[in-house]
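Everything numeric here is computed off the predicted structure, so don't read it as measured data. The figures that follow rest on heavy atoms only: side chains count, while hydrogens, waters and symmetry mates do not. Note on naming: letters A, B, ... go to the chains in the order of the sequence lines (proteins, then strands), and numbering restarts at 1 for each one.
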Amino acid sequence: MIPELLRPLTESAAATVTDPATAVDALVPTTNPAHGDYQWNFAFRSAKALRTAPRALAERLRPLLANHPGVREVEVAGPGFLNIRLHDSFVVEAARRAAGSLPQIGAGQTVVIDYSSPNVAKRMHIGHMRSTHLGHALDGLHRATGHRVIADNHIGDWGTQFGKLIVAWHRWLDPEHYAEDPIGELERLYVHFGNQVAENPALADEARAGTVKLQQGDEASRRLWREFMEVSLREFNAVYERLGVRFDETLGESAYAEALPDVVKQLVDRGVARSSEGAVVVSFDEPALKDHVLMIQKRDGGFNYATTDIATVQYRVARWNPQRIIYVTDTRQQLHFKQFFSVARTLGVQTELVHAWFGMLTLPEGAMSTRKGNTIRLVELLDEATRRARVVVDQKSPELPEEQRDAIASAVGINAVRYADISQNPQTDIVFTWDKMLALDGNTAPFLMYSHARCCSLLHRAGQAPEIDRISVSAPAERELLLSLARYPEAAVDALRTLRPNVLAEHLYEICGRINRFWHDVPVLFDTTPEERASRLGMIELARRVLRSGLEVLGLRVLDRM
RNA sequence: GCUCCCGUAGCUCAGUGGAUAGAGCAACAGCCUUCUAAGCUGUGGGCCGCAGGUUCGAAUCCUGCCGGGGGCGCCA
């Protein structure tokens, strides 16, 4: 990372006037190339403490920066910006490093990432997409920066839906439908129960009792539960395989069933929890939480989400001793996690707990729900994406064999859906439209994939192995490309720090724009001297490596040809 | 009522304290007898919801208001 490379310089300069701690933060890329490559805004931040004018302070700091061998020139601009222009050779070197591995800032650290987490007995629909995509990208970012990652799919396999489902199963099962489409029938039963309970409220009590019976170990209920699990996991795994998502653990809520009574006991014994209206609840002192209690045991003796989360965090700490645990769920659970984190801290959990929440995915007509039946199945979306991609592949690459076109269409389609999701700031809501989700032009996955494939193609045609140590800059398009490549680690680390993969996606998009400019401006294989040819092939090789790395970190498939 | 999030070009969105607010789509005008046109070049398009405040500097931070969405004990 360029700021890291320049760190000793900024720190020593900062130390001449004040505390060096904030020195690196103040070094940022310029927004306008006319202002140089990086600007150091340190003078503004220290001027007040030193009771001096920023511009005068900048003048004093300027010669100290100019000493660095990587710095070509430094100028003071405007009210006190220090604009830094780097030597071409320094940019080349930084790009070469960027094309290696990302900074291993997570070495020695363990992080548990809890994502996807669908509910059993329902099909995965597009509402499950964001947690899966975001979680998987965060997984990739952590692994690529040296963290040990435990990806844990905390599936909802122990909640009240089972009571409902067991009741519905006994009353309304359609065995023929179940035989041909098991999960479809389970989903139908679930929806049907929801409709019936409106007319017959007694069903709700029956379902609650059914849930308690299951949770207390009733053998007949257990048998049905295992059946529902098997059917559901088959469906989930098929989707994960298509998405290229793999979990290290799939420890659903049921894995913690036996620990739940003890969680309640611990909290009661410590005086954290108390009885209220027949249930057991925790209340909070923090101003932000004092108005709402957290329920950990229901009046009927059943446990709920919070109880399971507490048991789960204790298990994770005991088993993996992670530095942090990241929960990837939608925005609706913000209050829940604030409460749950507070309880966990009270119980002595030291691990950093992070709720990486994301905005809602809604349909143009409003919210989606399985019960209302207005969902779009995830497989349906992926199928349609692949179908649309196939049309384009047939049109663009008719010469390729059928099998290869299938493979390209599948990669393009699935990447397009994923990119449409993760290239947006996670914390904004998304209104789902087919055309947005399945776009293949412009700032989309195929654009990035295409850039990469073109690099591969050109390197292939060159007929010589690329050499990355013969690069020298001879045109602005080359320099801009190299500078973007050199900033790849900064973008990745920034995406990691903010838990926003879109930061990285946007940077990859910028790189591809600069590759296109490069194609446009400079020839590689023809009308070039051997030195130019070697240098430019080296640059393309660096671009190829960076793109490949970046796409993989985000969980996107990479193609050499399309 | 309390609380969280959002409001940026016709549309979908980046931009979360730095200099002249950027992309894609859509519209319009061009570019395939040279390395992949899933591409490239150019044009038009903005009281950054409104009003105050903090700051050398605000789309970004603070306060209030308006509009939209979410959450607030037996769901997860």
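A gap of 14 Å separates the P atoms of U60(B) and G53(B), to the nearest Å. Atom C1' of C11(B) sits at a distance of 23 Å from the matching atom of C50(B), rounded to the whole Å. Taking the P atoms as reference points, A9(B) lies 9 Å from C48(B), given to the whole Å.
N304(A) comes within 4.0 angstrom of the backbone, heavy atoms only, and of no base. At the heavy-atom level, E510(A) lies nowhere under 4.0 Å from the strands shown. Here D521(A) lies out of heavy-atom contact (under 4.0 Å) with every strand. If you check every strand for non-hydrogen atoms under 4.0 Å, G159(A) touches sugar and phosphate atoms only. The residue D429(A) sits close only to the backbone: its heavy atoms come under 4.0 Å of sugar-phosphate atoms, none of a base. Among the heavy atoms of the strands lying under 4.0 Å from R299(A) is at least one base atom, whether or not backbone atoms are also near. Among the protein residues, A288(A) comes within range of no part of the nucleic acid, since none of its heavy atoms lies under 4.0 Å from any strand. At the heavy-atom level, M562(A) lies under 4.0 Å from base atoms of the strands shown. Among the heavy atoms of the strands lying under 4.0 Å from F44(A) is at least one base atom, whether or not backbone atoms are also near. Counting non-hydrogen atoms under 4.0 angstrom, Q395(A) reaches nothing in the nucleic acid. Note on V522(A): a base of the nucleic acid sits closer than 4.0 angstrom, heavy atoms only. No engagement by D330(A) is indicated, since no non-hydrogen atom pair under 4.0 Å with the nucleic acid exists. Across all strands, S457(A) comes closer than 4.0 Å to base atoms (heavy-atom distances).
At U41(B), none of the side-chain N or O atoms of N516(A) fall inside 4.0 Å of OP1 or OP2 (strictly under the cut-off). Within the structure, a side-chain polar atom (N or O) of R208(A) is placed less than 4.0 Å from OP1 or OP2 of C75(B). Considering only side-chain N and O atoms, T31(A) lies under 4.0 angstrom from the phosphate OP1 or OP2 of A19(B). Between K396(A) and A38(B) there is a side-chain polar atom (N or O) within less than 4.0 angstrom of OP1 or OP2. At the phosphate of A38(B), neither OP1 nor OP2 sits under 4.0 Å from any side-chain N or O atom of R454(A).
With salt bridges taken as basic N to acidic carboxylate O contacts below 4.0 Å, none links E187(A) and K122(A). A salt bridge does not link D494(A) to R487(A): none of the charged side-chain nitrogens sits closer than 4.0 Å to a carboxylate oxygen. Under the 4.0 Å criterion applied to side-chain N and carboxylate O atoms, R390(A) and E384(A) are not assigned as salt-bridge partners.
Considering only the side chain of V524(A), C35(B) comes nearest among G15(B), C35(B), C5(B). Closest approach to the A279(A) side chain among C35(B), C72(B), C74(B) is made by C74(B) (side chain taken as heavy atoms from C-beta onward). When each of A19(B), A38(B), A76(B) is scored by its nearest atom to the side-chain atoms of Y305(A), the top-ranked nucleotide is A76(B). In the set C35(B), G73(B), G18(B), the nucleotide with an atom closest to the side chain of V293(A) is G73(B). Comparing U20(B), C13(B), C4(B) by their nearest atom to the side chain of K338(A) picks out C4(B). Ranking C2(B), G18(B), A38(B) by closeness to the D291(A) side chain, first place goes to C2(B). For N443(A), the side-chain atoms get nearest to G24(B) when compared with the rest of A19(B), G24(B), C35(B).
Both tests do not hold together for R85(A) against Y38(A): distance to the six-membered ring centre under 6.0 Å, angle to the ring axis within 45°.
Side-chain polar atoms of R60(A) and T52(A) form no donor-acceptor pair below 3.5 angstrom.
Under the Watson-Crick or G-U wobble criterion, with both distances below 3.5 Å, G10(B) is paired with C25(B). For U54(B), there is no paired nucleotide, since no Watson-Crick or G-U wobble pair has both relevant distances below 3.5 Å. Shown here, C72(B) forms a base pair with G1(B); the pair counts as Watson-Crick or G-U wobble because both key distances fall under 3.5 Å.
The ring of Y305(A) has its center closer than 6.0 angstrom to the ring center of H336(A).
If you take CD of Q427(A) and C1' of G71(B), they are 16 Å apart, rounded to a whole angstrom.
Residue side chain Q161(A) does not reach the base of A76(B) through any donor-acceptor N/O pair under 3.5 Å, judged by distance alone. Interface remark: the S276(A) side chain does form a donor-acceptor pair with the G73(B) base, using a distance-only criterion of under 3.5 Å. Residue R500(A) places a side-chain atom within donor-acceptor reach of the base of U16(B), judged by atom type and a 3.5 Å distance cut-off alone.
Under the 90° criterion around 0 for the glycosidic angle, C32(B) counts as syn.
Here H35(A) packs flat against the base of A19(B); its ring centre is closer than 5.5 angstrom to the base's six-membered ring, tilted by less than 30 degrees. The aromatic ring of F81(A) sits over the base of A19(B), with ring centres less than 5.5 Å apart and planes inclined by under 30°.
With the nearest nucleotide of RNA chain B identified for both F447(A) and Y509(A), Y509(A) has the one nearer the 5' end.
Tested against S535(A) for a side-chain contact (heavy atoms from CB on, under 4.5 Å), the candidates V524(A), T529(A), I471(A) yield a single pass: I471(A).
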